[in-house]
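Report on the structure given below.
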Amino acid sequence: MQDIRIYEVAFQDAWELIFDCLNDIGIDVDERDDEHHVIHGHKRKKFFDVTLQDMGDGAVQLFFDQHKKYIEVYTWKPDYSDVDAFYKLYEQRLIEMKAFIRCTSCGHKVRANTKFCPECGTRLNFNEDVIDNSDEKKSIFDTIFRSDD
């Protein structure tokens, strides 16, 4: 099974998040190519290839392929639970990641509701330190998948 999805997230954040999610769902990384952003891993008798590509403008394309060691022409009951688990966890972590801001003084990443930066002690005011993006054009992802209910 192959699944390709596009996310609006910084490339390096997306790359690091992949490893956290693979580890959390029990997929062992066998080979990691940081130059081409390709990961080969396995879990029991399943093999996984993950590729990340920078799409520009703050978007990344995540390609996730699950396969067996040898090609099967037909499977009676395909099991894509690991693919589903990966994307569910990945998307949940992306939402959590967006709940962070950068300290205005040192640039350390802190939770959005934090009053003081744990790195340098600067007092943070979430309402003033966060840029209001409400007038920005919505992304295609937001337009398709999110409603303004």
Side-chain angles (χ1 to χ4, degrees), residues 1-103 106-120 124 126 129-134 136-149:
M1 174 191 184
Q2 298 176 352
D3 195 346
I4 301 172
R5 299 189 188 186
I6 296 176
Y7 298 100
E8 288 188 19
V9 61
F11 186 83
Q12 194 58 39
D13 290 339
W15 181 242
E16 292 171 12
L17 189 57
I18 290 171
F19 293 99
D20 291 340
C21 293
L22 290 174
N23 182 53
D24 287 353
I25 63 171
I27 295 176
D28 296 321
V29 173
D30 299 323
E31 187 179 339
R32 170 183 177 158
D33 181 348
D34 287 317
E35 182 179 347
H36 298 102
H37 302 99
V38 178
I39 303 162
H40 302 288
H42 76 281
K43 181 178 179 182
R44 294 184 294 276
K45 294 182 179 183
K46 296 179 198 171
F47 293 85
F48 303 91
D49 298 317
V50 182
T51 305
L52 189 67
Q53 181 180 5
D54 191 351
M55 302 297 288
D57 297 334
V60 298
Q61 181 180 43
L62 179 59
F63 175 79
F64 195 98
D65 180 31
Q66 173 185 308
H67 54 88
K68 295 200 175 183
K69 190 169 187 172
Y70 302 104
I71 296 175
E72 283 186 359
V73 177
Y74 184 77
T75 302
W76 287 102
K77 187 177 179 185
D79 178 14
Y80 302 127
S81 60
D82 291 314
V83 176
D84 295 336
F86 173 81
Y87 277 116
K88 182 178 180 181
L89 183 60
Y90 192 81
E91 291 167 0
Q92 176 185 351
R93 297 269 173 87
L94 282 175
I95 291 168
E96 292 170 1
M97 187 179 356
K98 291 181 180 188
F100 286 89
I101 61 170
R102 297 265 178 203
C103 172
C106 70
H108 186 76
K109 189 161 78 170
V110 297
R111 287 210 168 269
N113 59 355
T114 303
K115 296 195 186 288
F116 295 93
C117 174
E119 191 69 22
C120 69
L124 302 172
F126 177 72
D129 293 336
V130 175
I131 299 170
D132 179 13
N133 295 324
S134 60
E136 285 188 9
K137 182 180 167 187
K138 285 187 174 184
S139 71
I140 192 161
F141 177 81
D142 289 333
T143 304
I144 295 171
F145 296 108
R146 294 198 177 115
S147 63
D148 293 330
D149 296 340

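Please read all numbers here as calculations on a predicted model, not as lab measurements.
Taking Asp28 as the reference, nothing meets the salt bridge (charged side-chain N to carboxylate O under 4.0 Å, His left out) condition, with sequence neighbours excluded.
Atom CD of residue Gln92 and atom CD of residue Glu96 lie 5.0 Å apart, to the nearest 0.5 angstrom. The line from CD of Gln2 to CG of Asp65 is 4.5 Å long, rounded to the nearest 0.5 Å. Atom CD1 of residue Ile101 and atom NZ of residue Lys109 lie 12.0 Å apart, to the nearest 0.5 angstrom. Atoms CG and CZ, on Asp3 and Phe63 in that order, are 9.0 Å from each other to the nearest 0.5 Å. Atom CD1 of Ile4 is separated from atom CZ of Phe64 by 13.0 Å, given to the nearest 0.5 angstrom.
Put simply, the side chain of His108 does not reach to within 4.5 Å of the side chain of Cys120, judged on heavy atoms.
Separation of the Tyr7 and Tyr90 ring centroids falls under the 6.0 Å cut-off.
Considering every non-hydrogen atom in both Val110 and Pro118, the closest pair reads CG1-CD, 3.3 Å. For Cys117 against Leu124, the heavy-atom pair with the smallest separation is N-CD1, 4.0 Å.
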Quick one: side chains of residues 42-49, donor-acceptor pairs under 3.5 Å with protein atoms, not counting sequence neighbours, listed by atom name and distance.
residue: His42; atom: ND1; partner: Asp30; partner atom: OD1; Å: 2.8
residue: His42; atom: ND1; partner: Asp30; partner atom: OD2; Å: 2.9
residue: Lys43; atom: NZ; partner: Ile25; partner atom: O; Å: 2.9
residue: Lys43; atom: NZ; partner: Asp82; partner atom: OD1; Å: 2.8
residue: Lys46; atom: NZ; partner: Asp79; partner atom: OD2; Å: 2.8
residue: Lys46; atom: NZ; partner: Asp82; partner atom: OD2; Å: 2.9
residue: Asp49; atom: OD1; partner: His40; partner atom: ND1; Å: 2.5
residue: Asp49; atom: OD2; partner: His67; partner atom: NE2; Å: 2.9

Listing, residues 11-22 side-chain donor-acceptor contacts under 3.5 Å, not counting sequence neighbours, or none:
residue: Gln12; atom: NE2; partner: Glu16; partner atom: OE2; Å: 3.3
residue: Trp15; atom: NE1; partner: Asp34; partner atom: OD1; Å: 3.0

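When Thr51, Ile6, Val50 are each tested for a side chain to side chain contact (heavy atoms under 4.5 Å, CB included) with Leu62, only one passes: Val50.
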